[in-house]
Structures are given as C-alpha cells and as structure tokens.
J.: 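Got a structure for you, written out below as structure tokens; questions coming shortly.
Atoms considered below: every heavy atom in the structure, side chains included; atoms not considered: hydrogens, waters and symmetry mates.
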Amino acid sequence: LNKSLQESMDGLTAKVFRTYNASFTLQEQLNKLTDPDQSVAEKLLSYNRANRAVAILCNHQRAAPKTFEKSMQNIQEKIAQKQQQLEAAKQKLKEAQDHYKKYRDEKSRKLVEKLEKMVERLEEQL
C-alpha cells in the first residue's frame with residue numbers, strides 16, 4: 001500500500017494519509033456542527049461529536065484499562081457479598097415471619113416489615 005501511495009505523491013504513506021483523512025474529517029464535522037454564536041458548552045459538545053465521528057472513521061477503539069481485571073475482581077467480590085447479605089436477610093425474614101405467625105405481637109410485625117424492606121433494598125442493589 002505504501003509503495004502505491006509513494007507513486008502517487010512523494011512522502012505519502014498510509015499513516016500520513018490516515019492522519020490527513022482524520023484531520024480533514026474533523027474540520028468538516030466542526031464546520032457542520034458548530035456555530036459562532038454557540039456557548040462554550042455547546043461548542044465543546046459539537047467538538048466531542050465531531051471527534052467521535054473521526055474515531056468511528058478511523059476505527060479507534062478504547063483499550064481496556066490496565067486495572068480492568070482487578071476492578072472486575074472487586075466487583076465480583078462485592079456482588080458475592082451482597083448475595084450473602086441477601087441470603088442472610090431472607091433467612092432472618094423467614095424466622096421473623098414464623099415468629100410473628102406464632103405470637104402475633106406488634107414488635108414481631110415491625111421486625112417483619114423492617115426485614116422485608118431490607119430484603120427489597122438488597123435485591124435492588126443486585
């Protein structure tokens with residue numbers, strides 16, 4: 001490819017062509033998306049959209065961070081902890097419901113309500 005490009009123009013390589021194409025596309029997108037009367041925030045949004053269009057054109061893809069594996073491991077551990085908490089809360093709720101069915105007192109009823117809310121909150125967090 002580089003030999004073919006060199007025949008067309010001295011010093012032209014695939015890298016140079018790609019850079020030129022990206023620069024040209026960015027400028028084209030900026031001209032299309034921006035207006036001199038826009039606020040700075042609107043201009044920034046237009047720039048980000050133009051830059052995204054260039055990234056798509058050049059097939060840029062974000063690499064996974066170096067700490068990705070560690071982060072995933074931490075997330076998995078937190079999920080496992082939440083699942084354990086949920087199971088423990090469900091067990092406590094079952095015991096409280098059994099106690100309430102047997103004694104029908106106000107204290108047991110409030111405990112059941114409290115534990116139901118806790119189980120619901122833990123399920124939402126998962």
J.: Taking atom types as modelled, is there a side-chain donor on Gln83 or Glu87 under 3.5 Å from an acceptor on the other?
T.: no
J.: Validate the cation-pi geometry between Arg18 and Tyr20: distance from NZ or CZ to the six-membered ring centre under 6.0 Å, angle to the ring axis within 45°.
T.: no
J.: Quick one: do Arg109 and Glu106 make a salt bridge, cutoff under 4.0 Å?
T.: yes
J.: Which distance, rounded to the nearest 0.5 Å, do you find between the NZ of Lys110 and the NZ of Lys114?
T.: 12.0 Å
J.: What's the separation between atom NZ in Lys92 and atom CD in Gln85, rounded to the nearest 0.5 Å?
T.: 10.0 Å
J.: Which heavy atom of Gln38 sits nearest to which heavy atom of Leu33, and what is that distance?
T.: NE2-O, 3.7 Å
J.: So which heavy atom on Gly11 is nearest to which on Val16, and how close?
T.: O-CG2, 4.1 Å
J.: Which other residues end up in the same hydrophobic cluster as Leu26, if Ile, Leu, Val, Met, Phe, Trp and Tyr are linked when side-chain heavy atoms come under 4.5 Å apart?
T.: Leu30, Tyr47, Val54
J.: To the nearest 0.5 Å, what is the distance between CZ (Arg52) and CG (Leu57)?
T.: 15.0 Å
J.: Could you measure the distance from the NZ atom of Lys70 to the OG1 atom of Thr67? Nearest 0.5 Å is fine.
T.: 10.5 Å
J.: For the atom pair CG (Leu115) and CG (Leu122), what is the distance rounded to the nearest 0.5 Å?
T.: 10.5 Å
J.: Could you tell me whether Phe17 atom CZ has more than 12 heavy atoms of other residues or ligands within 6.0 Å of it?
T.: no
J.: Would you say the side chains of Ser108 and Asp105 form a donor-acceptor pair under 3.5 Å?
T.: yes
J.: Sort out for me which residue in Lys107, Lys101, Gln97 forms a side chain to side chain contact (heavy atoms under 4.5 Å, CB included) with Val112.
T.: Gln97
J.: Roughly how far, to the nearest 0.5 Å, is CG of Leu45 from OG of Ser39?
T.: 9.0 Å
J.: So, for Thr34 and Ser46, which heavy atoms are closest and what is the spacing to 0.1 Å?
T.: CG2-CB, 3.4 Å
J.: For Asp10, look at atom CG and say whether over 12 heavy atoms of other residues, nucleotides or ligands are found less than 6.0 Å away.
T.: no
J.: Start with the C-alpha distance between Leu86 and Lys90, add both sets of side-chain angles, then the distance that settles side-chain contact (heavy atoms from CB on, under 4.5 Å), and finish with yes or no.
T.: CA-CA 6 Å; Leu86 177 60; Lys90 282 182 178 180; 3.9 Å; yes
J.: Give me each pair satisfying side chain to side chain donor-acceptor pair (under 3.5 Å) with a member in residues 116-126, each pair once, sequence neighbours excluded.
T.: Lys82-Gln125
J.: For Thr13 and Gln6: C-alpha separation, side-chain torsions, deciding distance, then whether side-chain contact (heavy atoms from CB on, under 4.5 Å) applies.
T.: CA-CA 7 Å; Thr13 62; Gln6 284 285 335; 3.9 Å; yes
J.: Please report the C-alpha distance between Lys94 and Asp98 in whole Å, then the side-chain angles of each, then the deciding distance to 0.1 Å, and finally whether the salt bridge (charged side-chain N to carboxylate O under 4.0 Å, His left out) criterion is met.
T.: CA-CA 6 Å; Lys94 185 179 181 324; Asp98 291 344; 3.5 Å; yes
J.: Within the supplied structure, the quantity of interest is the number of heavy atoms (other residues, nucleotides, ligands) at a distance under 6.0 Å from Lys43 NZ; does it exceed 12?
T.: yes
